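To start, the structure itself, in structure tokens.
Predicted model only: the values in this text are computed from it and were never measured. Every chain is numbered from 1 and lettered A, B, ... according to where its sequence line falls, protein lines coming before strand lines.
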Protein chains: 4
Amino acid sequence: MGIAERKEREKLQRRRDILEAARNVFSEKGFQPATMDEIAEKVELSKPTIYLYFDSKEDLYTSIALEDSYKVVERLKESLASDVGLVEKWRSVFLAFVEHCMENPEYVSISQHILAPESRQRVSDHILEEFDNHTHELVGYVTQLVEESIEKGLARDDLPPRTITLIAWRMTVGLLELYLSGRATEFGVDDYHEFLENAFDVLINGLLQRGS
Amino acid sequence: MGIAERKEREKLQRRRDILEAARNVFSEKGFQPATMDEIAEKVELSKPTIYLYFDSKEDLYTSIALEDSYKVVERLKESLASDVGLVEKWRSVFLAFVEHCMENPEYVSISQHILAPESRQRVSDHILEEFDNHTHELVGYVTQLVEESIEKGLARDDLPPRTITLIAWRMTVGLLELYLSGRATEFGVDDYHEFLENAFDVLINGLLQRGS
Amino acid sequence: MGIAERKEREKLQRRRDILEAARNVFSEKGFQPATMDEIAEKVELSKPTIYLYFDSKEDLYTSIALEDSYKVVERLKESLASDVGLVEKWRSVFLAFVEHCMENPEYVSISQHILAPESRQRVSDHILEEFDNHTHELVGYVTQLVEESIEKGLARDDLPPRTITLIAWRMTVGLLELYLSGRATEFGVDDYHEFLENAFDVLINGLLQRGS
Amino acid sequence: MGIAERKEREKLQRRRDILEAARNVFSEKGFQPATMDEIAEKVELSKPTIYLYFDSKEDLYTSIALEDSYKVVERLKESLASDVGLVEKWRSVFLAFVEHCMENPEYVSISQHILAPESRQRVSDHILEEFDNHTHELVGYVTQLVEESIEKGLARDDLPPRTITLIAWRMTVGLLELYLSGRATEFGVDDYHEFLENAFDVLINGLLQRGS
DNA sequence: AATGAATGAGTATTCATTCAT
DNA sequence: CATGAATGAATACTCATTCAT
């Protein structure tokens, strides 16, 4: 009876193993320079086996971000559910996103990749759809927080909530890329966490009602 | 003697022609997918001729950003030299950078590419050096503006000037990438210029002394 | 008792099912382009199961023609047994063969395949042997008819009976291939059956005693 | 001056070398089983070089038959131009075609390949067009001969000239394939030329006016 | 008897780069 | 200075075939 279940578990595990190896290789080299051979060697499976679990290199690549996107959404929900003040919630959301990206550095670049229209053509529809859903879910949650902040007179009300979300999102990604490039120190940033704290301070300061 | 000069001029022009063609091709396809064949065809020169002017595909790619970086620095200097109020100067600097990037979309992606340590290994030293010089020059100019703003009590003095510069730079790049991905509209941004104005407003608001 | 028989019957049926599916796929794509995956999917059996019944793709392919060759021989025997005049018997034999090939288009191409020495190396001996037996049986039957026709002064006696058989066989196959290529109409043949009747007329005319 | 010419000659020669090697390999193995690697090794050129002269494996394959088709048409024209009786002209045309095919065994199989609609999709248009032109030219010449034969009361007038051409063409190809399969001897044909003479006799006998 | 899972060995095609001229 | 011609090294993806169960 347990046999089918064990098989199922093993299959899922194998899938995760492949994703894990792919994550490493893609992180190190980027999409194009990475090769299926290298990934196969890293998982200690043959190339055809990989194709048993993923339809194409592009699908494998984007599946990584897909896995990640589950985690971000989860993490964000937690931050939003915490019982703290609004500003504290903002900080928590910011940190949740930022830490997730720092722990899963490929997430940012793959997401960027998925943004580009040329890439989208080559990715399986079901992956694209699921990824977009997560992204919009994420944007939606933050926008709710923005709306609440405006209602309570905390955030500036001269901009549409969605615009505020977008600005915050893009600014945060811009900040992250400095870290992900691996050359933060070169630009004088020794304590990246402190840098982020400061940046968040600038961001929240810019978003708050003047006078509040 | 005029002959030598003409030859020299022609040579430089040829170099610019190649860069121009490369810029188009790389812009459209990105680094890896673009081929030297395509670039050669576009300049109407043979492939070996291109190698007469540039040592490798990577060098050609980065040389484009190098050419751009001259222009940005120039543009920035102009903005900084203008005789207007400090906040106006900030806006002018922001817009100069932003507009340059929108007009030369490859600049952002190539700069990003040059940031990555793996890429740096494959680029000729002299290009790298020159590019880094320009970047630091650029950062330096902005930092001067920041320092002046702090001195005059305009900008917040709780952060080191360089940190402020970095935050502003990275946030701006993050905003730009939304445009460069070509999917801004999809995220509800119809008037990208308005979006940038709003974003600048948030940014400057965040950087100003509270109470000023 | 009954159980073993039923099992045996089921086994044979399964074999036939596989052959049937293979026939479809090979007919549509030819030998190399067809894949075992596609055949397996069509029979709704797993690939290893197919290998339980056939040793290799090549064996499966040739087994189809083998199955067909039973049918042709059967059909030919019937035609030969019919109680009609000699010329009518010739026509009947011709039509039997031609119709069989048109209904089982793979028969001609696979037979051709089996003829080629390189292919023969890769096919199991027992299949080869059986196929050759059938072919020679077939040739033998026709040769008997030829001999009878010569004896009765109908067919030309200036050629060995076997030569006449071979000429008739190869000419007929040549005619058939026009149909099997699917481009008969393109060559102005709208009514293929009429074309064959005419061709038979030419053939029999060429084989008859001058003056008869 | 002569330099450009010599280069041109060398280029053409290289093209011919490649075709020659391809001819060997394809003859031996057939289209699919043959590999570009093997062809490259045989010409002692690198694979990419082959792609400099031919766009794809399929194009290379069909170009062989294209080259051949020039020769057949040439040979046929000669036969038709010869100043002999009509029956002798028929024999000459038959032998010209048959000998060409025996000397260039790949011609028949590739032509067969080009006939199939699926293959046609993958071949470059210009090759297809040229090949079809040659084929129709060839059919046209023979049809003229048939018409002349009918007019002079030699050939049977109960069939359209084009039908007669098609029947003769297909029957001849059928006969040839026995030789090309390499197993003629096995079927008791020791002297293939004699066999062909006999076959031609049957064919012409079938096509002549009864009573003539 | 049947199969899910795995793989060795291909396979056509591409592309940055380099000589010989 | 410029290039036609050539190639080494990849590279994603495929498929007949085989185990372990």
Side-chain angles (χ1 to χ4, degrees), chain A residues 3-4 6-8 10-11 14 32-40 43-60 122, chain B residues 7 10-11 14 31-40 43-61 122, chain C residues 7 10-11 14 31-40 43-61 122, chain D residues 3-4 6-8 10-11 14 32-40 43-60 122:
Chain A
I3 273 191
R6 200 204 58 212
K7 290 251 178 180
E8 192 58 27
E10 281 175 2
K11 218 171 135 178
R14 189 134 300 191
Q32 270 266 19
T35 72
M36 295 300 270
D37 275 286
E38 200 175 347
I39 295 169
V43 244
E44 297 181 311
L45 284 172
S46 72
K47 247 189 306 179
T49 303
I50 296 183
Y51 279 92
L52 237 46
Y53 290 85
F54 298 92
D55 283 343
S56 68
K57 187 188 178 187
E58 199 100 25
D59 267 19
L60 175 53
R122 292 188 294 254
Chain B
K7 290 251 178 179
E10 281 176 4
K11 223 172 127 177
R14 189 140 295 190
F31 177 65
Q32 269 265 18
T35 70
M36 295 300 269
D37 273 287
E38 203 175 347
I39 295 168
V43 244
E44 297 180 313
L45 285 171
S46 73
K47 262 189 295 180
T49 303
I50 296 183
Y51 279 91
L52 240 44
Y53 291 86
F54 299 92
D55 284 344
S56 69
K57 188 188 179 188
E58 199 99 26
D59 267 20
L60 175 54
Y61 187 57
R122 290 189 295 255
Chain C
K7 290 251 179 180
E10 281 176 2
K11 224 171 126 176
R14 190 138 299 190
F31 177 65
Q32 270 266 16
T35 71
M36 295 299 269
D37 273 287
E38 203 175 345
I39 295 168
V43 243
E44 297 181 315
L45 285 172
S46 73
K47 262 187 298 178
T49 303
I50 296 182
Y51 279 90
L52 241 43
Y53 291 85
F54 299 92
D55 283 345
S56 69
K57 188 187 178 187
E58 199 100 23
D59 268 19
L60 175 53
Y61 187 57
R122 291 189 295 255
Chain D
I3 273 190
R6 201 204 57 213
K7 290 252 178 178
E8 192 57 28
E10 280 176 5
K11 219 172 133 177
R14 188 134 300 189
Q32 271 265 19
T35 71
M36 293 302 268
D37 273 287
E38 201 175 346
I39 295 169
V43 244
E44 297 182 312
L45 285 171
S46 73
K47 250 189 303 180
T49 302
I50 296 183
Y51 279 92
L52 236 47
Y53 291 85
F54 298 92
D55 283 344
S56 68
K57 187 187 178 187
E58 200 99 26
D59 268 20
L60 176 53
R122 290 188 295 255

(message) Taking only side-chain N and O atoms of D:Tyr53, does any of them lie within less than 4.0 angstrom of OP1 or OP2 on F:dA5?
(response) no
(request) Let me know, please, whether B:Ser56 or D:Ser56 comes out on the 5' side of the other along DNA chain E by nearest nucleotide. (result) D:Ser56
(message) Near DNA chain F, counting only heavy atoms under 4.0 Å, which residues of residues 32-39 of chain D show up?
(response) none
(request) Ignoring backbone atoms, test whether B:Ser46 places a side-chain nitrogen or oxygen under 4.0 Å from the OP1 or OP2 oxygen of F:dT3. (result) yes
(request) Would you kindly compare D:Leu45 and C:Asp55 by the position of their nearest DNA chain F nucleotide and give the one closer to the 5′ end? (result) D:Leu45
(message) If I take atom CZ in residue A:Arg122 and atom C1' in nucleotide F:dC13, what distance separates them, rounded to the nearest angstrom?
(response) 15 Å
(request) Mind jotting down which residue pairs meet the side chain to side chain donor-acceptor pair (under 3.5 Å) criterion with at least one end in residues 48-57 of chain D? Sequence neighbours excluded, please. (result) D:Ser46-D:Thr49
(request) Applying salt bridge (Lys or Arg N to Asp or Glu O under 4.0 Å), name anything that partners D:Glu10, two or more places apart in sequence or on another chain. (result) D:Arg6
(request) Looking at every strand, decide which applies to B:Leu52 at a 4.0 Å heavy-atom threshold: base, sugar-phosphate, or nothing. (result) base
(request) Starting from P on F:dA5, measure out to CD1 on D:Ile50 and report it in whole angstrom. (result) 16 Å
(message) From OH of D:Tyr51 over to P of F:dA10, roughly how many Å is that when rounded to an integer?
(response) 19 Å
(message) So, does B:Arg14 get its side chain near the phosphate of F:dC1, meaning an N or O under 4.0 Å from OP1 or OP2?
(response) no
(message) Can you work out whether D:Thr49 or C:Glu58 has the more 5'-proximal nearest nucleotide on DNA chain F?
(response) D:Thr49
(request) Counting heavy atoms from C-beta on, name the nucleotide in F:dA6, E:dT7, F:dC13 closest to the side chain of A:Lys47. (result) F:dC13
(message) Using five pairs at each end of the helix from E:dA2-F:dT21 to E:dT21-F:dA2 to define an axis, what is the angle between those two axes, to 10°?
(response) 30°
(message) B:Lys47: which residues meet the side-chain contact (heavy atoms from CB on, under 4.5 Å) condition with it, sequence neighbours left out?
(response) B:Met36, B:Asp37, B:Ala40
(request) Mind checking C:Phe54 for me? I need base, sugar-phosphate or nothing, with any heavy atom below 4.0 Å counting as a touch. (result) nothing
Could you write out each protein N or O paired with an N or O of nucleotides 19-21 of chain F at a distance under 3.5 Å?
none

(request) Check whether any side-chain heavy atom of B:Leu45 sits under 4.5 Å from a side-chain heavy atom of B:Arg14, and report yes or no. (result) yes
(message) What is the separation between atom CD on A:Glu10 and atom C1' on E:dT3, rounded to the nearest whole Å?
(response) 16 Å
(request) Figure out the CG/C1' separation between C:Leu60 and F:dT17, and round it to whole Å. (result) 14 Å
(request) Please determine, for the side chain of D:Lys11, which listed nucleotide (E:dG8, F:dA5, E:dA16) has the closest atom? (result) F:dA5
(message) If you assign each of A:Glu44 and D:Lys57 to its closest nucleotide in DNA chain E, which residue comes earlier from the 5' end?
(response) A:Glu44
